[in-house]
Amino acid sequence: MHALTHYSIHSTMEIYSDFKRKDDISRLAYVIDSEVKKTINIMEICGGHTHSIMKYGLHTILKDKINFLHGPGCPVCVMPVKRIDEAIEIADSQDVILAAYGDMMRVPGTDSSLIKERAKGKDVRMVYSPLDIIKIALDKANKDKKIVFFAIGFETTTPMTAALLEEVISRGINNVLFHVNHVLVPPPINAILDSGDNLIDGFICPGHVSVMTGSGIYNDIPDKYGKAAVIAGFEPYDILSGVLLIARQINEGRPSVEIAYKRAVKENGNMKAQALVNKYFTVRNEFEWRGFGNIPKSGLKLRDEFKDFDAEYVFKDKLKELELRSNAGRENAACKCGEILKGKSKPDDCPLFGKACNPENPVGACMVSFEGACAAYYKYRNF
Amino acid sequence: MCLAIPSKVIEIKDESTVIVDTMGSKRLVSTMLLEEPAVIGDYLLIHVGYAMQKIDEKEAAESLNLFREIENKTAQ
Ligand code: SF4
């Protein structure tokens, strides 16, 4: 063979650029086009994939052969209004500093958002990392405050919340609480497949969730539902490799879980991270997802022995009051996020898309995060 | 949200902290979730301030080469 056999990575830049080389992408697209006989419907679960597909126009390159359906894998998009209302309610206490990741700040709750609350003078802070929470907690000016971390994310991000709690406990920090909204990838997939009314032939499974969990969490997809499941990375070459493997599974009638992102995903995942998550978290009986309603065993909470760190326990009276208020937890009726997250609609099906709802003024969560299908369509559609 | 950025380890601070270079910008990251200690020159996937995993360069090369070979055959 040629020099490529001796390929090695020389810079961080190359890890990106080598997986988005135009000639490789067009060759891969050519192979997919020649191998796919009739259009296949592929749901990409992760919002990061949705974003890349739109950014590189993969949905248009392969439009006669591959129909991409966008799934429920953007943690900001699936967060129900009720949980945002809860964060706003907690932030209302005098002695609270509410800390959240950037995207979460702009998601509309029933009447407000965290960023609007901050403009009104509430102490709401944007953090980039759970490590920022330690800094806020150790700042002398905050020693009488409770720092409440609005913790969100899938299996990718939960280990970092667990790492924060581990550090809080080991350093004896006593002013950090957690409002836990961590969710799991497999339950909504099962919910979609159980509902029966879907077109999906195969799934592109989330790359970075899988770095942590390993590939076993998707076994139900082929074993129980007979669909293809391929874990892919986020560069265009990665996604198309995933698409090709799905197409071949379908052609050969052998649905299975395959990894097309081996440079990052090991079959068993990161077992140290998994152990840390298990140490602090347990599965909730159910958790509400935007568009889906309650899904059994789909979310995490802190284990009982750590309830003193659990904002839902510490603020239970306040949250009870919120629940009794009749209008809390309502989503805007016109927003189609829920249907989009189930792969039944696309952003352009929403009458508000690009009009009343835009990134400056999001009506629904799918327009907030850059991983949201509506935000990605808005940014990359060709006018 | 689940974005993770490949970055190169350029300095080891202590047993759970390293400095990485992410396409020219330097930052501190925690390695407490890594299963094996990071060494200088490793490429790590970084997510919200923590290293998640080392990037396996051999696998990166193989996945590119594998498809290039297959495609070359198919495209001929
Ligand atoms: S365009 Fe806005 S209102 Fe419509 S589905 Fe998307 S987020 Fe909801």
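All chains are named by letter (A, B, ...) in the order of the sequence lines, taking the proteins before the strands, and each is independently numbered beginning at 1.
In plain terms, the two heavy atoms of A:Gly269 and B:Glu35 that are nearest each other are O-OE1, 3.7 Å. The two residues B:Gly49 and A:Ser129 come nearest to each other via the heavy atoms CA-OG, 3.8 Å. Considering all non-hydrogen atoms of both residues, A:His208 and B:Met52 come closest at O-CE, 3.4 Å.
No more than 12 heavy atoms of other residues, nucleotides or ligands shown are found within 6.0 angstrom of CD on B:Glu15. Residue-environment remark: CD (B:Glu11) exceeds the threshold of 12 foreign heavy atoms within 6.0 Å.
Among residues two or more places apart in sequence or in another chain, the ring-ring contact (aromatic ring centres under 6.0 Å, His included) test is passed with A:Phe178 by none.
The OH atom of A:Tyr261 lies 12.0 Å from the CG atom of B:Asp56; values are rounded to the nearest 0.5 Å. Here OH of B:Tyr50 is found 5.5 Å from CG of A:Leu164. Values are rounded to the nearest 0.5 Å.
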### Query
Taking it one step at a time, do B:His47 and A:Thr156 satisfy side chain to side chain donor-acceptor pair (under 3.5 Å)?
CA-CA 8 Å; B:His47 175 61; A:Thr156 319; 5.4 Å; no
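Heavy atoms closer than 4.5 Å to chain A are found nowhere in B:Leu28, neither backbone nor side chain. Interface remark: A:Met104 contributes no atoms to any contact with chain B (heavy atom separation under 4.5 Å).
Put simply, of A:Gly48, A:Gly47, A:Ala273, A:Pro130, the one with the most heavy-atom pairs under 4.5 Å next to chain B is A:Pro130.
For B:Gln53 (side chain) and A:Asn270 (main-chain N/O), no donor-acceptor pair under 3.5 Å exists by modelled atom type.
Across A:Lys272, A:Gln274, A:Met160, a single residue satisfies side-chain contact (heavy atoms from CB on, under 4.5 Å) together with B:Leu33, and that is A:Met160.
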